[in-house]
Amino acid sequence: MTQPLLRAEGLSKTYEGKRGLFRATRAVQAVAELDLALDHGAALGIVGESGCGKSTLARLLLRLIPLSAGRITFDEQDITALDEAAMRPLRRRMQLIHQNPSAALDPRLTAEDAVAEPLRIQGLATGRALRDRVAALLTEVGLPPAFLHRFPHELSGGQKQRVCIARALALEPDLLVLDEPTSALDVSVQAQILDVLDALRARRGLAYLFISHNLAVVRQVCERVAVMYLGRIVEEGTAAEVLGAPRHPYTRALLGSVPRLAAHGVAPAAPGEPPNPASPPPGCAFQPRCPIAVPACRESMPPLATLMDGHRLRCPRAMEVSP
Amino acid sequence: MTALLEIADYRLAFDTFDGTAQVLDGIDLTLEAGGTLGIVGETGCGKSVLARSLMALNPMPPARVVSGQIRFRGSDILGMSDREMRRLRGRAISMVFQDPASYLNPLLAIGTQMEDAIRGQDAAVGERQRPRAAARARAAELLAAVGLPEPARLLDSHPHQLSGGMRQRVLIAMALAGDPVLLVADEPTTALDVTVQAQVLALIARLVAERGLALMLITHDLGVVAAACARVAVMYAGTVVEEAATADLLSRPLHPYARGLIAAVPDLDHPERRPQGIAGSIPSLITPPRGCRFHPRCPVATERCRSEKPLRREILPGRSIACHHATP
């Protein structure tokens with residue numbers, strides 16, 4: 001059996017508390033004992049609300065921030081303890097796309113220069129060959145040559161995101177980590193970018209780790225989805241299962257809260273708000289808001305159980321309650 | 001009977017260094033007392049500028065009224081003095097905004113800010129300011145009305161101690177302080193998580209029903225309109241292109257832009273329906289396209305659309321479209 005492209009085992013990130021000048025801050029566990037695997041050419045969605053740790057997870061997996069515990073394997077190589085120099089050749093193969101393309105682009109570089117920069121730094125092309133390669137990359141993401149010499153302020157949000165994608169593709173990565181790539185875009189532009197992402201993955205066999213709070217977008221892009229709540233995965237499985245027939249009460253609440261075009265009115269599906277990660281509730285993190293919680297849910301953190309069909313679920317109650 | 005709010009041929013321009021942007025280009029809208037109207041459209045369509053016009057919050061200059069009227073209970077607010085406008089704000093028309101954190105003073109307790117707002121409104125309508133204690137009691141009553149637990153303790157809290165959803169509830173409570181008849185909500189749930197958004201939308205729906213409030217809700221999210229508004233107006237590049245009952249518009253949009261907008265929304269329950277983008281991008285409002293402003297992106301545009309601006313006309317009862325090619 002082939003190994004996954006990216007694997008995390010027991011991944012944890014704790015931001016230590018500080019004894020500051022005015023007050024002490026408590027330690028925050030942003031990501032806790034997280035296991036996941038992403039196959040070559042696959043797309044895994046990470047969903048959850050603000051503060052659930054999904055963006056921290058992205059930065060951990062790319063080794064952009066130090067991890068507190070766990071192991072990360074990229075293409076069968078343990079990268080957990082690699083130093084910057086050893087990481088550098090791997091960085092070409094894993095690229096990050098941010099939410100806000102305006103902040104990700106240098107305002108003084110044209111689209112052409114922005115995409116050429118990584119190729120130039122890595123010494124992969126010069127002169128005519130470089131220009132041709134950049135033009136081909138921009139065409140691939142749907143930006144015609146007329147846009148080559150435009151600066152970011154002369155581009156729309158969607159066009160800027162296309163430049164960011166072209167720049168990420170320049171070094172021919174195997175993995176794209178996309179952190180809310182369409183959240184800053186209008187819906188008519190979002191649909192265009194989703195088409196670009198689909199086409200790229202089909203053509204280049206890229207793997208996507210796709211982070212989003214928008215469940216409908218994740219459903220379009222990903223085959224598998226992991227739902228995070230307060231730093232932990234609570235449910236993981238195929239997109240059709242997790243978003244079509246959710247089993248965890250939190251996933252159900254999320255899906256139930258999305259306003260639908262077909263229905264008038266919206267019924268709140270969960271009371272309250274996600275708890276403060278600095279003072280998590282006892283036992284299961286979701287139990288204070290959970291409609292099916294029992295006293296046992298307060299006693300200990302339920303394990304993330306792997307079910308027969310490969311679905312992972314952190315809720316023994318859901319398994320008792322539903323058929 | 002006159003409508004609560006009537007916007008007639010309202011044109012607003014912004015004078016910029018690059019030229020004059022025709023930001024609102026002939027808006028006609030009506031809202032009855034107790035009615036709920038969603039204004040939906042993408043970035044730059046003018047929906048927030050329109051909302052701010054109702055409270056006279058657009059800075060003038062650079063903004064400039066080119067023509068039209070905004071009649072509230074029959075009188076034109078565009079001609080009102082600052083003093084008359086102050087009487088209206090809060091007492092008759094109230095507004096809540098997208099980012100609750102930036103509308104609260106981080107240094108003051110919630111109670112202090114609410115008391116100031118309540119007493120400020122007393123002054124604005126020329127009444128004697130009620131004492132702080134009375135204002136505080138009123139504040140606690142308002143916090144309870146928006147479903148916040150332990151109002152008394154909350155009054156002593158500072159904004160950073162509250163979650164995003166609680167802050168937005170506090171601002172809604174403040175908006176209710178003067179018993180307004182019209183609530184203008186500009187993307188009130190956009191900064192909130194989806195489970196909290198559902199709670200705040202349910203709260204707004206309850207307040208509208210209980211208090212007979214009229215609601216104008218500005219949003220980019222058609223799902224939010226479906227959840228909270230009986231009627232909806234779709235805006236594009238400073239014009240209203242379609243206005244209809246929400247259920248009618250969402251199930252069968254007639255204007256090509258409204259059709260495109262709905263087709264672009266990914267459907268969680270029907271993933272097999274691929275969202276379709278709209279080719280091209282929004283036009284410059286300094287040099288807008290001649291004729292119909294949507295024609296450069298429109299799949300059904302003809303020569304007439306390039307030269308003649310379509311006027312919005314009622315093609316079905318309660319349903320109007322600004323398109324030369326619209327058929328019922």
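Residue numbers begin at 1 in each chain, while the letters A, B, ... track the order of the sequences.
- The main-chain N or O of B:Thr195 is found under 3.5 Å from a side-chain atom of A:Glu49 such that the two form a donor-acceptor pair.
- Interface remark: of the candidates B:Ala227, B:Ala279, B:Ala228, B:Gly165, B:Ala227 forms the most heavy-atom pairs closer than 4.5 Å to chain A.
- No side-chain heavy atom of B:Val194 sits under 4.5 Å from any side-chain heavy atom of A:His213.
- In terms of non-hydrogen atom pairs under 4.5 Å with chain B, the most contact-rich of A:Gly51, A:Gly157, A:Ala239, A:Gly272 is A:Gly272.
- Ranked by heavy-atom pairs under 4.5 Å with chain A, the list B:Ala247, B:Ser163, B:Pro271, B:Ser281 is led by B:Pro271.
- With a 4.5 angstrom heavy-atom cutoff, B:Leu250 touches chain A only via side-chain atoms.
- With a 4.5 angstrom heavy-atom cutoff, A:Asp195 touches chain B via backbone and side-chain atoms both.
- The side-chain heavy atoms of A:Leu261 and B:Asp267, taken from C-beta on, include no pair separated by under 4.5 Å.
- Annotation: residues 214-225 of chain B contacts chain A through B:Leu222, B:Gly223, B:Val224 [non-hydrogen atoms, separation under 4.5 Å].
- Residue B:Glu42 comes nearest to A:Val187 through the heavy atom pair OE2-N, 3.5 Å, listed as atom of the first residue, atom of the second, then distance.
- How far CG of A:Asp186 is from OG1 of B:Thr43: 3.0 Å, rounded to the nearest 0.5 Å.
- Per-residue heavy-atom pair counts under 4.5 Å with chain B were compared for A:Leu254, A:Asn214, A:Asn276, and the maximum is reached by A:Leu254.
- Neither the backbone nor the side chain of B:Ala263 comes within contact range of chain A; no heavy atom of the residue lies under 4.5 Å from a heavy atom of that chain.
- Of the two parts of B:Arg297, only the side chain, counted from C-beta on, holds a non-hydrogen atom closer than 4.5 Å to a non-hydrogen atom of chain A.
- To the nearest 0.5 Å, atoms CD (B:Gln276) and CG (A:Leu194) are separated by 11.0 Å.
- Within residues 197-206 of chain B, the residues that have a heavy atom under 4.5 Å from a heavy atom of chain A are B:Gln197, B:Ala198, B:Gln199, B:Leu201, B:Ala202, listed by number.
- Within the 4.5 angstrom heavy-atom criterion, no atom of B:Ser251 approaches chain A.
- The choice from A:Ser188, A:Ser156, A:Ala191 that makes the most heavy-atom pairs within less than 4.5 Å of chain B is A:Ser188.
- Side-chain contact between B:Pro275 and A:Gln220 is present, with at least one heavy-atom pair separated by less than 4.5 Å.
- Contact count against chain A (heavy-atom pairs under 4.5 Å) is highest for B:Asp269 among B:Asp269, B:Ile282, B:Val265.
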